[in-house]
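Below is one structure, written out as structure tokens, with a few remarks after it.
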Amino acid sequence: MKIKDAEIISLMQNPRTQNEGVRALMDAYQSRLYWHIRRIIVDGDLAQDTLQETFIKAYQNFHQFKNDSQLYTWLYRIATNEALQQVNKLKKMQKTDEDPEYHMQNLVADNVEGDAEEIQILLQNAIQSLPEKQKLVFMMRYYDDLPYEEISKIVDMSVGTLKTNYHYAKQKIEEYIKENYER
């Protein structure tokens with residue numbers, strides 16, 4: 001039986017049932033948040049660490065949840081911020097070691113299972129080549145099928161700006177695939 005957000009919120013707000021609330025929160029959102037983070041970070045282990053950090057932040061800051069948005073919107077925002085922080089740390093580390101684009105392409109290639117078609121690899125590489133805002137908007141819309149209004153709350157951007165970012169992201173992905181697809 002799936003627990004509803006209202007029940008999770010009630011459990012989290014009561015100090016005596018807060019631990020039960022955290023478990024319910026994790027059970028309800030762990031998978032969705034993991035895959036959201038994984039699409040931003042790519043590396044599975046780092047995505048798992050970031051997911052744990054997301055739940056720690058949610059637990060520590062639950063008193064700031066104002067119930068003016070859906071619970072998953074609030075959690076996605078935390079997860080997105082944590083994932084972007086990790087990406088920024090990776091970029092800083094990579095600048096000293098190697099070309100970041102090369103590293104990201106290798107991460108994508110290493111994480112594609114089995115004999116995936118070249119087009120899937122190209123799609124992932126194309127997504128990773130997008131600017132951060134376009135990448136986020138594209139992934140939340142394309143993979144998570146979130147409405148623009150929810151994405152707007154998560155990334156704190158107007159719906160019009162989101163639609164523009166999504167449109168440009170799609171164009172860039174199509175161009176990348178056309179330019180790099182070898183038949």
Side-chain angles (χ1 to χ4, degrees), residues 5 8-9 12 21-95 100-101 103-105 107-108 111-112 123-173 176:
D5 284 355
I8 294 172
I9 293 167
M12 290 290 293
V22 170
R23 282 191 293 278
L25 182 77
M26 290 173 72
D27 288 345
Y29 292 104
Q30 186 167 356
S31 180
R32 286 175 73 189
L33 289 175
Y34 171 78
W35 287 108
H36 170 67
I37 292 167
R38 177 78 187 263
R39 285 189 281 276
I40 296 170
I41 292 180
V42 181
D43 180 81
D45 293 334
L46 189 54
Q48 190 64 45
D49 292 345
T50 305
L51 177 64
Q52 290 175 5
E53 285 298 317
T54 298
F55 283 122
I56 289 169
K57 288 262 170 76
Y59 172 76
Q60 291 172 337
N61 297 299
F62 198 79
H63 63 279
Q64 294 178 347
F65 177 68
K66 295 176 179 40
N67 222 1
D68 58 353
S69 66
Q70 292 185 22
L71 187 56
Y72 82 84
T73 303
W74 185 71
L75 291 168
Y76 264 52
R77 186 173 199 147
I78 295 170
T80 300
N81 289 338
E82 288 297 309
L84 289 175
Q85 285 178 2
Q86 288 297 332
V87 168
N88 288 334
K89 285 179 190 175
L90 276 177
K91 284 181 181 177
K92 286 178 185 175
M93 289 177 11
Q94 291 167 355
K95 283 183 182 175
E101 186 174 323
H103 181 69
M104 291 304 284
Q105 287 175 348
L107 280 176
V108 170
N111 284 292
V112 174
L123 174 62
Q124 292 305 313
N125 287 339
I127 292 169
Q128 292 304 319
S129 73
L130 293 172
E132 287 303 320
K133 285 183 182 178
Q134 289 177 11
K135 185 187 330 182
L136 278 175
V137 171
F138 181 82
M139 289 189 301
M140 284 189 257
R141 184 80 177 142
Y142 182 79
Y143 288 115
D144 299 328
D145 199 28
L146 293 176
Y148 287 114
E149 293 75 21
E150 289 298 317
I151 299 171
S152 173
K153 292 175 185 173
I154 293 168
V155 296
D156 198 26
M157 225 185 275
S158 74
V159 171
T161 302
L162 289 174
K163 288 180 178 180
T164 301
N165 274 295
Y166 185 73
H167 174 75
Y168 285 132
K170 281 189 349 185
Q171 277 185 328
K172 288 177 182 178
I173 289 170
Y176 184 96

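Numbers for residues simply follow the sequence, beginning at 1.
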What side-chain donor-acceptor pairs closer than 3.5 Å can you find for residues 151-166, not counting sequence neighbours?
residue	atom	partner	partner atom	Å
Ser152	OG	Met157	O	2.5
Ser158	OG	Thr161	N	3.2
Ser158	OG	Thr161	OG1	2.8
Thr164	OG1	Gly160	O	3.0
Asn165	ND2	Thr161	O	3.0

Side-chain donor/acceptor pairs under 3.5 Å, residues 54-64, sequence neighbours excluded:
residue	atom	partner	partner atom	Å
Thr54	OG1	Thr50	O	2.9
Lys57	NZ	Glu82	OE2	2.5
Asn61	ND2	Lys57	O	2.9
His63	ND1	Gln60	O	3.4

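When atom types are taken as modelled, the side chain of Arg38 and the backbone of Val42 share a donor-acceptor pair closer than 3.5 angstrom.
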Inset, instruction - Applying side-chain contact (heavy atoms from CB on, under 4.5 Å), run through Tyr176 and Lys172 and close with a yes or a no. - result: CA-CA 6 Å; Tyr176 184 96; Lys172 288 177 182 178; over 6 Å; no
Legend entry - Test log, rule side-chain contact (heavy atoms from CB on, under 4.5 Å), inputs Met139 and Ile40: CA-CA 8 Å; Met139 289 189 301; Ile40 296 170; 3.3 Å; yes
Inset, instruction - Under the side-chain contact (heavy atoms from CB on, under 4.5 Å) rule, what do Arg39 and Asp144 come out as? Steps first, then yes or no, please. - result: CA-CA 10 Å; Arg39 285 189 281 276; Asp144 299 328; 2.2 Å; yes
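When each of Ile173, Leu136, Val137 is checked for a side-chain contact (heavy atoms from CB on, under 4.5 Å) with Leu130, only Ile173 meets the rule.
When the side chain to side chain donor-acceptor pair (under 3.5 Å) test is applied to Tyr168, no partner is found at least two apart in sequence or on another chain. With sequence neighbours excluded, the residues forming a side chain to side chain contact (heavy atoms under 4.5 Å, CB included) with Gln70 are Tyr72, Thr73, Glu150, listed by chain and number. Listed by chain and residue number, Ile8, Tyr29, Leu71 satisfy the side chain to side chain contact (heavy atoms under 4.5 Å, CB included) test with Asp5 (two or more places apart in sequence, or in another chain). Under the side chain to side chain contact (heavy atoms under 4.5 Å, CB included) criterion, Asn67 pairs with Ile9, Phe65, sequence neighbours left out.
Taking CD of Gln85 as the reference point, atom CD1 of Ile41 lies at 10.0 Å (rounded to 0.5 Å). Between atom CD of residue Glu132 and atom CG of residue Leu84 there is a gap of 5.5 Å, rounded to the nearest 0.5 Å. For the atom pair Thr80 OG1 and Leu33 CG, the distance stands at 8.5 Å (nearest 0.5 Å). Note that the CD atom of Gln134 and the NZ atom of Lys170 stand 12.5 Å from one another [nearest 0.5 Å].
Tyr76 and His36 have parallel rings, their planes meeting at less than 30° on a 0 to 90° scale where 60° marks the start of perpendicular.
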